[in-house]
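Below is one structure, written out as structure tokens; comments come after it.
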Number of protein chains: 2
Amino acid sequence: MYVKKIAPSLNCGLDLIGEVLYGKWKIRILWFIHEGHLRPSELQRKIPDATRRVLNVQLKELEDHELVTRTIYPVMPPKVEYHLTGFGKTLIPLIRSIGLWGDEHQERLRRVILKQNALSVTESEVDEILS
Amino acid sequence: MYVKKIAPSLNCGLDLIGEVLYGKWKIRILWFIHEGHLRPSELQRKIPDATRRVLNVQLKELEDHELVTRTIYPVMPPKVEYHLTGFGKTLIPLIRSIGLWGDEHQERLRRVILKQNALSVTESEVDEILS
DNA sequence: CCGGATCCTCTGAGATACTG
DNA sequence: CAGTATCTCAGAGGATCCGG
């Protein structure tokens, strides 16, 4: 899911959804927020591979796309919470199906991904890694 | 849908599917192939925005991931056809749902995407573009 | 705890041109 | 018609530092 350009080709749903879901961590962010409200520091802990900056950028985009809301509590220390909007919630079933598909085909997926990414690894080594 | 690195975090379906679907034109390619067999030149015509090289690269990845097969007919002029594998076919319902969601929320999507991408454009101009 | 600003890296993907 | 080899580039995303 990628489709960047707001080009002539925004004429089908597949293109449109690509625009709002585009971003390395977007889907996972939505998934975590959907479980309730979420604070930036919690999100950071759940996705340690992403830097705070990137998470902020993507959260901002999600907000601009009206998929999440950002609530600021004027306290010290600062407190911020993200929630899904009604619109954002409509995406959850979709994300769930995607995740389920991935879970169902886990083994096959791992195998083909490994086979491709680790070209220097032999078949038996792949089996070993997977076991 | 993005997730690139074959990092430690390949532990959920959401990550795994990202690996095989990652690529600007992958989903659309799968969609077109799913309607039957497809020849490279046909695909090129259906996706004129992508160059032949990029399409080839992504087709190769899809093939490596066992989502499509590539059949070569030893004739002159050369003829090649792509088909979905059984595995690839299991993705179609998912892609269909994604597309449907996008279609259902078309107007809202167009609005938020435009609002964000064309920051120099005023609200009324956006309305105008959309009308 | 939160976010913004700066600088940098790296790789997907476009452009072009060439072979069987 | 099909496929490959180079070259190039934008821009997404990472690393860091700083200020509220």
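The shown structure was predicted, so the numbers you read here are calculated from the model rather than taken from an experiment. In what follows, every chain begins at residue 1, and chains take the letters A, B, ... in the order their sequences are listed. The analysis underlying the following values was restricted to heavy atoms, covering all of them including side chains, and did not include hydrogens, waters or symmetry mates.
Taking atom OH on Tyr22(A) and atom P on dG12(C), their separation rounds to 11 Å, with Å as the unit. Rounded to a whole Å, the CD atom of Gln44(B) is 11 Å from the P atom of dA15(C). Leu38(A) has its CG atom 10 Å from the P atom of dC2(C), to the nearest Å. Protein atom CG of Leu62(A) is 15 Å distant from nucleotide atom C1' of dA12(D), rounded to whole Å. In this structure, the CG atom of Leu59(A) is 11 Å from the P atom of dG4(C), given to the nearest Å. dA12(D) atom C1' lies 17 Å from atom NZ of Lys60(A), rounded to whole Å. Atom-to-atom, CG of Asp49(A) to C1' of dA12(D) comes out at 16 Å; the value is rounded to the nearest Å.
For the pair Val54(A) and Arg39(B), nearest-nucleotide mapping onto DNA chain D gives the more 5' position to Arg39(B).
Taking both residues in full, the closest heavy atoms of His83(B) and Glu81(B) are given as NE2-OE1, 3.3 Å, listed atom of the first, atom of the second, then distance. Residue Asp103(A) comes nearest to Gly13(B) through the heavy atom pair OD1-N, 2.9 Å, listed as atom of the first residue, atom of the second, then distance. The two atoms that bring Val20(A) and Lys26(A) nearest to each other are O-NZ, 3.7 Å, heavy atoms only. Residues Pro40(A) and Val80(A) approach most closely at CD-O, 3.3 Å, considering heavy atoms. Looking at every heavy atom in both residues, Thr51(B) comes nearest to Gln44(B) through C-OE1, 4.2 Å. Between Gly102(A) and Leu16(B), the shortest heavy-atom distance links the atoms O-CD1, 4.2 Å.
Residue Asn56(B) has its side chain nearest to dG3(D) when only dT16(D), dA15(C), dG3(D) are considered. Comparing atom distances between the Arg52(B) side chain and each of dG3(D), dT6(D), dA15(D) picks out dG3(D) as nearest. Comparing dC2(C), dA15(D), dT6(D) by their nearest atom to the side chain of Arg53(B) picks out dT6(D).
Sorted by residue number, the members of residues 68-83 of chain A with any non-hydrogen atom under 4.0 Å from DNA chain C read Arg70(A), Pro77(A), Pro78(A), Val80(A), Tyr82(A).
The phosphate of dG12(C) has neither OP1 nor OP2 within less than 4.0 Å of any side-chain N or O from Gln58(B). Close to dT16(C), at under 4.0 Å from its OP1 or OP2, lies no side-chain N or O of Thr51(B). Residue Lys24(A) has a polar side-chain atom (N or O) positioned under 4.0 Å from OP1 or OP2 of dG14(D).
Classification of the Phe87(B)-Trp101(A) ring pair by plane angle, with boundaries at 30° and 60°, yields parallel.
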TODO: Let me see the working for Leu21(A) and Leu30(A) under side-chain contact (heavy atoms from CB on, under 4.5 Å), right down to the final yes or no.
DONE: CA-CA 10 Å; Leu21(A) 250 35; Leu30(A) 287 173; 4.1 Å; yes
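For the side-chain contact (heavy atoms from CB on, under 4.5 Å) with Ile33(B), the lone residue among Leu43(B), Leu59(B), Thr69(B), Ile92(B) that qualifies is Leu59(B).
Both key distances under 3.5 Å define a Watson-Crick or G-U pair, and stretches of 3 or more such consecutive pairs in DNA chain D run C:3-20 with D:1-18.
Glu42(A) comes within 4.0 angstrom of no nucleic acid atom, judged by non-hydrogen atoms across all strands.
Using a 4.5 Å cut-off between side-chain heavy atoms of Ile, Leu, Val, Met, Phe, Trp and Tyr, Met76(B) forms no hydrophobic cluster with any other residue.
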